[in-house]
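These notes concern the structure reproduced below.
Note that this is a predicted model, so its numbers are computed, not measured. In the text below, chain A, chain B and the rest are named by the order of the sequence lines, each starting its count at 1.
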2 protein chains.
Amino acid sequence: MSISERQKEERALRKERILSGALTVFKTKGLDGATMDEIAAESGFGKATLYYYFPSKEDVFCGILDRGWTQLWESLEEDIHSDTGPRETFINILIKIAKKAQQNRNEYEFMFNAPKAISNIDDSDQDWKSYQHQLYAILKGLLDDGISQGQFPKLDSDLMFKAIGGLFVGLIFMGEKNKDITGGDIEKLLNQLITDPNQP
Amino acid sequence: MSISERQKEERALRKERILSGALTVFKTKGLDGATMDEIAAESGFGKATLYYYFPSKEDVFCGILDRGWTQLWESLEEDIHSDTGPRETFINILIKIAKKAQQNRNEYEFMFNAPKAISNIDDSDQDWKSYQHQLYAILKGLLDDGISQGQFPKLDSDLMFKAIGGLFVGLIFMGEKNKDITGGDIEKLLNQLITDPNQP
DNA sequence: TTAATATTCGACTATTGAGTCGAAATTTAG
DNA sequence: CTAAATTTCGACTCAATAGTCGAATATTAA
């Protein structure tokens with residue numbers, strides 16, 4: 001008579017609920033401004049209950065990142081393993097991330113910005129970090145291949161990666177306005193700004 | 001027998017010392033992680049002395065931003081008022097900022113990233129904010145002009161501004177490596193990535 | 001029904017850190 | 001030299017908040 005499947009699911013659902021509440025509070029109050037009391041109130045539990053599901057505030061925090069990066073990674077796998085050329089794959093992935101980021105802006109803003117604001121004892125033994133690194137490695141690889149195949153301007157790929165990464169983050173997250181950027185906009189921008197030397 | 005000129009200067013110097021110490025602590029501990037005790041220790045004063053020079057922690061914080069944005073603004077004025085075309089002026093300014101950012105990386109990282117981490121009662125009555133806005137307005141204007149003169153790709157200038165802003169920040173601040181990007185690199189990247197339709 | 005198990009929670013504790021206080025040391029000016 | 005003004009500071013207060021405790025409630029399984 002161990003825990004039933006349904007019990008597991010409900011527990012997971014409650015965890016989700018807490019993570020959502022936490023995200024809301026983090027968004028409005030910032031990482032340190034958010035208190036466990038507020039998160040508890042927002043998610044509809046007593047504070048002590050939070051600690052029944054998560055051992056610490058930091059674990060709530062990492063829970064959000066884990067969920068986000070895992071989901072993102074999974075949703076990208078088909079694109080990653082497609083057999084289109086590096087340039088197309090690269091751009092497809094960026095567009096897909098952009099779309100997901102627009103649908104869940106708070107979550108993605110958190111995923112992309114929050115980690116910088118930590119200096120804790122997380123010697124990269126966090127799940128989300130491995131997903132993040134894998135994704136970055138894939139993108140870097142596509143960029144390298146694309147450059148060597150002449151599909152991108154011939155530039156140092158590290159530099160290019162930084163530039164595109166920054167460009168991308170700026171595009172999605174900069175500015176208060178929520179005038180939605182369409183997938184088309186992003187595609188156009190990427191194609192305009194990252195010129196393909198083969199297409200004159 | 002009011003305060004002498006020398007006294008004023010020394011006081012300003014002590015303030016500088018405190019700001020530098022604060023910057024060091026902010027860099028290692030983060031905005032909220034940094035304590036006034038640490039800042040005091042780092043800058044070589046007792047804590048109470050800090051409060052003799054700055055009324056609150058937030059004022060220390062804003063002091064750094066004020067100093068940074070004011071200096072940056074002043075150092076850019078000649079470029080802003082030069083009579084080169086919009087594209088060239090635009091790129092010159094970016095290159096200049098990049099160079100300054102490399103010389104004072106901590107300060108500039110703080111200037112560009114820290115403000116996001118605040119949600120306080122600073123209804124834009126801060127000096128630094130006005131300098132920041134002015135600078136952004138100038139850049140936006142140059143971009144608009146450049147686009148209408150056909151010196152940039154024909155794209156929505158808001159979008160373009162976000163993209164270039166992000167690209168720039170990514171280029172300077174992303175990645176842990178401190179392999180210095182040369183001014184030449186940046187110029188090359190800007191010219192490669194932001195293609196000039198007139199130069200085929 | 002009943003006992004074990006799982007879940008919930010408000011009140012409490014313990015720590016941390018911003019800002020204050022009043023007194024001491026130093027500098028200035030006459 | 002002396003008194004006023006300036007500068008310095010360690011010790012203290014006080015509020016905020018992460019995390020704990022033990023008891024209460026709800027659910028499950030037999």
Is Lys29(A) salt-bridged to Glu42(A), going by a charged N under 4.0 Å from an acidic O? no
Using whole Å, what does the distance between atom C1' of nucleotide dT28(D) and atom NZ of Lys8(A) come to? 17 Å
Applying a 4.0 Å non-hydrogen cut-off, can you work out what Thr49(B) is touching in the nucleic acid: base, sugar-phosphate, or nothing? base
Counting N and O atoms only, with roles assigned by atom type, does the side chain of Lys162(B) sit under 3.5 Å from a partner on the main chain of Met174(A), one being a donor and the other an acceptor? yes
Residues Thr89(B) and Asn92(B): side-chain donor-acceptor under 3.5 angstrom: no
Arg14(A) CZ to dT27(D) P: how many Å, rounded? 10 Å
Would you classify Tyr53(A) as touching base, sugar-phosphate or nothing, given that sugar-phosphate means primed atoms plus P, OP1 and OP2, and contacts are heavy atoms under 4.0 Å? sugar-phosphate
Distance, rounded to the nearest Å, where Tyr51(B) contributes OH and dT7(D) contributes C1': 17 Å
Taking the side chain of Gln7(B) as its heavy atoms from C-beta onward, which of dT28(C), dA6(C), dG10(D) lies nearest to it? dT28(C)
Could you check how far CG of Asp37(A) sits from P of dA11(C), rounded to whole Å? 12 Å
Residue whose nearest DNA chain C nucleotide is more 5′ - Gly33(B) or Ala48(A): Ala48(A)
For the pair Arg67(B) and Glu16(B), find out whether any cationic side-chain nitrogen is under 4.0 Å from an anionic carboxylate oxygen. yes
Atom-to-atom span, CZ of Phe45(A) to P of dG19(D) - whole angstrom: 19 Å
Atom-to-atom span, NZ of Lys57(A) to P of dT17(D) - whole angstrom: 9 Å
With a 3.5 Å distance limit and no angle check, can you tell me whether Lys154(B) reaches the backbone of Ile147(B) through a side-chain donor-acceptor pair? yes
Measure from CE on Met36(B) to C1' on dT20(C) and round the result to the nearest Å. 12 Å
Between dA26(D) (C1') and Arg11(A) (CZ): distance, integer Å: 15 Å
Going by modelled atom types, is there a donor-acceptor pair between the base of dG19(D) and the side chain of Lys47(A) at under 3.5 Å? yes
Nearest listed nucleotide, side chain of Tyr52(A), among dT8(C), dA18(D), dG10(D): dT8(C)
